[in-house]
Amino acid sequence: MRKVMGVISLGLLGLFASAAQAAEVAVVDWRQALMETRAAQQSMSQLESQIGNQQQQAQSLGQELQQLQERLQQDGAVMSDSERQSLMQEGQQKEQQFVELRQQIMQAQQQAEQAFLQDAEPKLERAVDEVMTRHGIDVLMDINGIINTNQDLMNLTDEVTEILDSMN
């Protein structure tokens, strides 16, 4: 009886092992697949045109702030109190403008990203399903979630990008 159970156990273990080995596993970098699409490039271009002036203003304000700080460090000791106070107040105002401008830019970027992802998510799901079906993939993993593997896994990122581009 023990021999029979042992043979059955080994047989079942072999069956499960071969079934696990038969599973087709591939990887995809969904962020890369999305960001390399024409739609993503167009969305980024539109965002750039919307916030380009604000980014230039922020950069200019940052340079002005740096110049004010350098001037205070170099000449602060020889300035009158009122001149130093005036310069410090100007710096605080520019810093506040800089912070507000950066927040507006970040908010615009987040809104654009969220709108793009909301539109792209169902398309990504369809593209991934199509690629999995086409290649007979049982398990599709995010490439960034893999710590280590001894196998060359099929990377379907470029194919997902192509399908996403064809959907637009």
Side-chain angles (χ1 to χ4, degrees), residues 4-66 69 92 94-168:
V4 172
M5 291 300 285
V7 169
I8 291 174
S9 295
L10 284 176
L12 287 175
L13 183 61
L15 180 65
F16 289 134
S18 65
Q21 289 175 347
E24 290 293 325
V25 179
V27 294
V28 68
D29 185 337
W30 64 269
R31 288 173 193 88
Q32 179 183 343
L34 281 175
M35 296 312 293
E36 289 182 357
T37 62
R38 288 186 299 270
Q41 300 302 319
Q42 185 177 23
S43 177
M44 288 172 56
S45 179
Q46 287 174 347
L47 176 63
E48 185 63 36
S49 68
Q50 288 175 350
I51 64 172
N53 289 338
Q54 290 176 316
Q55 287 180 319
Q56 288 176 343
Q57 284 179 318
Q59 186 176 8
S60 178
L61 275 172
Q63 290 171 349
E64 289 176 26
L65 276 168
Q66 186 176 358
Q69 288 174 346
Q92 288 173 347
K94 287 187 185 291
E95 185 175 1
Q96 184 177 0
Q97 289 174 336
F98 179 78
V99 168
E100 289 173 6
L101 202 50
R102 293 294 297 163
Q103 287 174 341
Q104 290 172 4
I105 291 168
M106 287 176 55
Q107 185 177 10
Q109 288 172 328
Q110 289 173 345
Q111 287 173 346
E113 182 180 320
Q114 191 173 24
F116 173 74
L117 290 176
Q118 186 175 2
D119 182 54
E121 187 177 356
K123 293 176 185 177
L124 177 64
E125 288 178 18
R126 288 196 317 264
V128 165
D129 287 344
E130 184 177 325
V131 169
M132 287 181 71
T133 301
R134 181 183 300 165
H135 293 282
I137 302 299
D138 298 314
V139 178
L140 185 62
M141 299 178 62
D142 183 357
I143 197 165
N144 297 313
I146 296 175
I147 296 172
N148 191 9
T149 181
N150 289 333
Q151 299 177 358
D152 275 340
L153 298 175
M154 186 182 312
N155 187 339
L156 302 173
T157 303
D158 292 338
E159 194 169 342
V160 170
T161 300
E162 288 174 23
I163 292 171
L164 285 169
D165 276 339
S166 72
M167 291 180 180
N168 294 327

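Model, not experiment: these values are computed from the prediction.
How far CD of Glu162 is from CG of Asp165: 8.0 Å, rounded to the nearest 0.5 Å. Taking CE of Met35 as the reference point, atom CZ of Phe116 lies at 6.0 Å (rounded to 0.5 Å). Met154 contributes atom CE, which lies 8.5 Å from atom CD of Glu159 (distance to the nearest 0.5 angstrom). Taken to the nearest 0.5 Å, the CD atom of Glu113 stands 7.5 Å off from the CD atom of Gln110. Between the CG atom in Leu47 and the CD1 atom in Ile105 there is a gap of 9.5 Å [rounded to 0.5 Å]. The CZ atom of Arg126 lies 9.5 Å from the CD atom of Glu130; values are rounded to the nearest 0.5 Å.
Residues Leu156 and Ala26 share a closest heavy-atom pair of CD1-CB, 3.8 Å. The heavy-atom pair separating Ala108 from Ile51 by the smallest distance is CB-CG2, 3.7 Å. For the residue pair Ala58 and Leu101, the shortest heavy atom distance occurs at N-CD2, 3.4 Å. Considering all non-hydrogen atoms of both residues, Thr37 and Leu34 come closest at OG1-O, 2.7 Å. When all heavy atoms are compared, the tightest approach of Gly62 to Phe98 is N-CD1, 3.9 Å. Considering every non-hydrogen atom in both Arg134 and Ile163, the closest pair reads NH2-CD1, 3.8 Å.
Considering only heavy atoms from C-beta on, Gln55 comes within 4.5 Å of Glu48 through its side chain. In this structure, the side chains of Asp158 and Gln32 come closer than 4.5 Å at one or more pairs of heavy atoms. Side-chain atoms of Asp142 and Arg31, non-hydrogen and from C-beta on, do get closer than 4.5 Å to each other. No side-chain heavy atom of Val131 sits under 4.5 Å from any side-chain heavy atom of Val28. Contact check for Glu121 versus Glu125: side-chain heavy atoms found under the 4.5 Å cut-off. Inter-residue side-chain proximity for Thr157 and Ile143 is flagged as unmet; no heavy-atom pair is nearer than 4.5 Å. Residues Val99 and Gln96 have side chains not in contact (no heavy-atom distance under 4.5 Å, counting atoms from C-beta outward).
The 12-atom threshold is exceeded at CE of Met132, counting heavy atoms of other residues, nucleotides or ligands nearer than 6.0 Å.
Not a single donor-acceptor pair under 3.5 Å links the side chain of Ser60 to the backbone N or O of Gln56.
When each of Leu153, Val27, Val128 is checked for a side-chain contact (heavy atoms from CB on, under 4.5 Å) with Leu140, only Val128 meets the rule.
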